[in-house]
Amino acid sequence: MDVRIAPSLLASDLGRLREQVEAALAGGAEWLHVDVMDGRFVPNLTFGAPLIKALRRFTDAPIDVHLMVVEPENYIAEYADLGANVFTFHPEATVHVQRHLAEIRRRGMAAGLALNPSTPLSLIEEVTADLDLVLIMSVNPGFGGQGYIPQATGKIARTRQLLDRHAARATLEVDGGITLDTIRAAWQAGADTFVAGTAIFGQPDIGEAVRGLQRQCRERA
Ligand code: DX5
Ligand code: ZN
């Protein structure tokens, strides 16, 4: 099983964005995870288009945008034009989910759905063919630095089964509280892409932090 690390820029020092992003990529990180929050779907406000624009000025790395906003469909065209690669939204935040997934793909991005800890997996069951990615939240979204909710591990395993049952090739990403202590269980349950904020940018050596997370999945217990 692959181990793709997607550092969450929410935990980075925005004043040193370029330096920190380059350190993470040099350490082997593959995607750049951008957490867009609107103060309505989640009780916090972050960033959006200007950050994507800033990233695109100095890196070609895939930009993995996670929208925690109501009516995420309003941003599909804009983020596609700015060069975002993955567009993941919460089905809890909108109505016509299948239409939006199709539109994301039509615009050339990978289409993802994110599920809150309390949201049942059945929400993705009818749209597995329209999905490039499923994001299982292992915290309630809104803030970095929270603890991994242990029930997420079983949910990841059930998501893997559901995707296999539908012969769906979607990426299985996990987000929230991923650390040296929690990543291995998520990986063994079947996740292949790991968002980590604090566990990367909260460390003195960013590149080594990325490598350490990867090692937890590759080494024997
Ligand atoms: C939470 C965000 C996460 C967050 C992860 O709402 O979706 O991407 O930044 O941060 P850590 O890794 O610190 O839990
Ligand atoms: Zn996120």
Side-chain angles (χ1 to χ4, degrees), residues 3-14 17 20-21 23-24 27 29-48 51-52 55 61-70 72 75 79 84-93 109-119 132-153 155-156 159 171-187 191-204 206 209-214 216-217:
V3 181
R4 180 191 285 130
I5 305 289
S8 166
L9 303 183
L10 186 58
S12 70
D13 176 350
L14 291 180
L17 180 69
Q20 295 201 339
V21 163
E30 292 180 51
W31 287 4
L32 301 173
H33 187 82
V34 173
D35 286 305
V36 180
M37 304 187 190
D38 66 351
R40 291 181 63 206
F41 182 68
V42 291
N44 195 10
L45 267 177
T46 56
F47 32 60
L51 184 66
I52 299 171
L55 290 168
I63 298 178
D64 173 34
V65 188
H66 175 196
L67 286 99
M68 288 156 277
V69 309
V70 296
Y75 303 93
Y79 289 7
N85 303 84
V86 183
F87 187 106
T88 299
F89 65 97
H90 283 257
E92 307 97 335
M109 298 184 287
L113 282 181
L115 300 179
N116 282 337
S118 66
T119 300
D132 298 299
L133 179 144
V134 179
L135 173 51
I136 298 298
M137 292 304 305
S138 38
V139 298
N140 286 291
F143 303 93
Q146 303 182 80
Y148 181 91
I149 296 175
Q151 297 93 305
T153 305
K155 193 172 183 183
I156 292 165
T159 308
T171 292
L172 178 40
E173 185 175 39
V174 56
D175 183 3
I178 291 294
T179 65
L180 291 175
D181 294 327
T182 58
I183 191 170
R184 190 177 173 87
W187 175 70
D192 52 61
T193 300
F194 304 85
V195 178
T198 315
I200 293 177
F201 294 110
Q203 306 305 313
I206 289 170
V210 173
R211 284 189 292 272
L213 290 169
Q214 288 171 329
Q216 287 303 102
C217 303

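Whatever order the structure lists them in is the order used to number ligands and atoms, beginning at 1. Everything numeric in this text was worked out from a predicted model, so none of it was measured.
Distance alone, capped at 3.5 Å, places no donor-acceptor pair between the Glu173 side chain and the Leu133 backbone. Side chain of Asn44 to backbone of Gly142: a donor-acceptor contact under 3.5 angstrom is found. No donor-acceptor pair under 3.5 Å is formed between the side chain of Glu92 and the backbone N or O of Thr119. Looking at Ser138, its side chain does come within 3.5 Å of a backbone N or O of Asp175 through a donor-acceptor pair. In this structure, Asp132 contributes its side chain and Ala111 its backbone to a donor-acceptor pair below 3.5 Å.
Of all atoms in ligand 1, numbered sequentially from 1 with element shown, those under 4.0 Å from a heavy atom of His33 are 8 (O). Taking every heavy atom of Leu10 and a limit of under 4.0 angstrom, the matching atoms of ligand 1 come to 9 (O). Near Met68, meaning under 4.0 Å from one of its heavy atoms, ligand 1 places the atoms 6 (O), 7 (O). Close approach to Met37 involves these atoms of ligand 1, each under 4.0 Å from a residue heavy atom: 6 (O). Taking a cut-off of under 4.0 Å to the non-hydrogen atoms of Val195, the atoms of ligand 1 that pass are 8 (O). The distance from ligand 1 to the heavy atoms of Gly176 drops below 4.0 Å at these ligand atoms: 14 (O). Those atoms of ligand 1 with a heavy atom of Ala196 less than 4.0 angstrom away are 12 (O). The His66 neighbourhood of ligand 1 comprises atoms 7 (O), with distances under 4.0 Å to a heavy atom of that residue.
Under 3.5 Å, the side chains of Ser12 and Gln20 contain no donor-acceptor pair of N or O atoms. Donor-acceptor pairing under 3.5 Å is lacking for the side chains of His66 and Asp64.
In this structure the side chain of Ile156 never reaches within 4.5 angstrom of the side chain of Trp187, judged on heavy atoms.
Residue, atom and distance of the protein heavy atom nearest to atom 11 (P) of ligand 1 are Gly145 N, 3.6 Å. At the shortest separation from atom 1 (C) of ligand 1 among protein heavy atoms lies Phe143 O, 3.6 Å. Regarding atom 10 (O) of ligand 1, its nearest protein heavy-atom neighbour is Gly144 CA, 3.6 Å. With hydrogens left out, the protein atom closest to atom 6 (O) of ligand 1 is Gly142 N, 2.8 Å, a heavy atom. Looking only at heavy atoms of the protein, atom 2 (C) of ligand 1 is closest to Asp35 OD1, 3.4 Å. Among all protein heavy atoms, the one lying closest to atom 9 (O) of ligand 1 is Ser8 OG, 2.8 Å. Annotation: atom 13 (O) of ligand 1 to nearest protein heavy atom, Thr198 OG1, 2.4 Å.
Rounded to 10°, the angle that OD2 of Asp175 and NE2 of His33 form at the Zn ion (ligand 2) is 100°.
Heavy atoms of Pro141 found under 4.0 angstrom from ligand 1 belong to the backbone as well as the side chain. Contacts between Asp175 and ligand 1 below 4.0 angstrom, taking non-hydrogen atoms only, involve the side chain exclusively.
Of the inter-residue distances, the one linking Thr179 atom OG1 with Gln203 atom CD reads 9.5 Å to the nearest 0.5 angstrom. Atom CG of Asp181 is separated from atom CD of Gln216 by 7.5 Å, given to the nearest 0.5 angstrom.
For the pair Gly177 and ligand 1, the shortest N or O to N or O distance falls below 3.5 Å. Polar contact check, Gly197 against ligand 1: a nitrogen or oxygen pair lies under 3.5 Å apart. Checked against a 3.5 angstrom limit, the closest N/O atoms of Ala199 and ligand 1 fall outside it.
When all heavy atoms are compared, the tightest approach of Ala196 to Leu213 is CB-CD1, 3.9 Å.
Crowding of Arg211 atom CZ: a count of heavy atoms from other residues, nucleotides or ligands under 6.0 Å exceeding 12.
With respect to the Zn ion (ligand 2), Asp35 has OD1 as its nearest N, O or S atom. Residue-level check: among N/O/S atoms of His66, ND1 sits closest to the Zn ion (ligand 2).
Checking Leu135, Leu115, Leu172, Val174 one by one against Thr159, the side chain to side chain contact (heavy atoms under 4.5 Å, CB included) holds for a single residue, Leu172. When each of Asp35, Val65, Val34, Thr46 is paired with Leu51, the side chain to side chain contact (heavy atoms under 4.5 Å, CB included) condition holds for Val34 and for no other.
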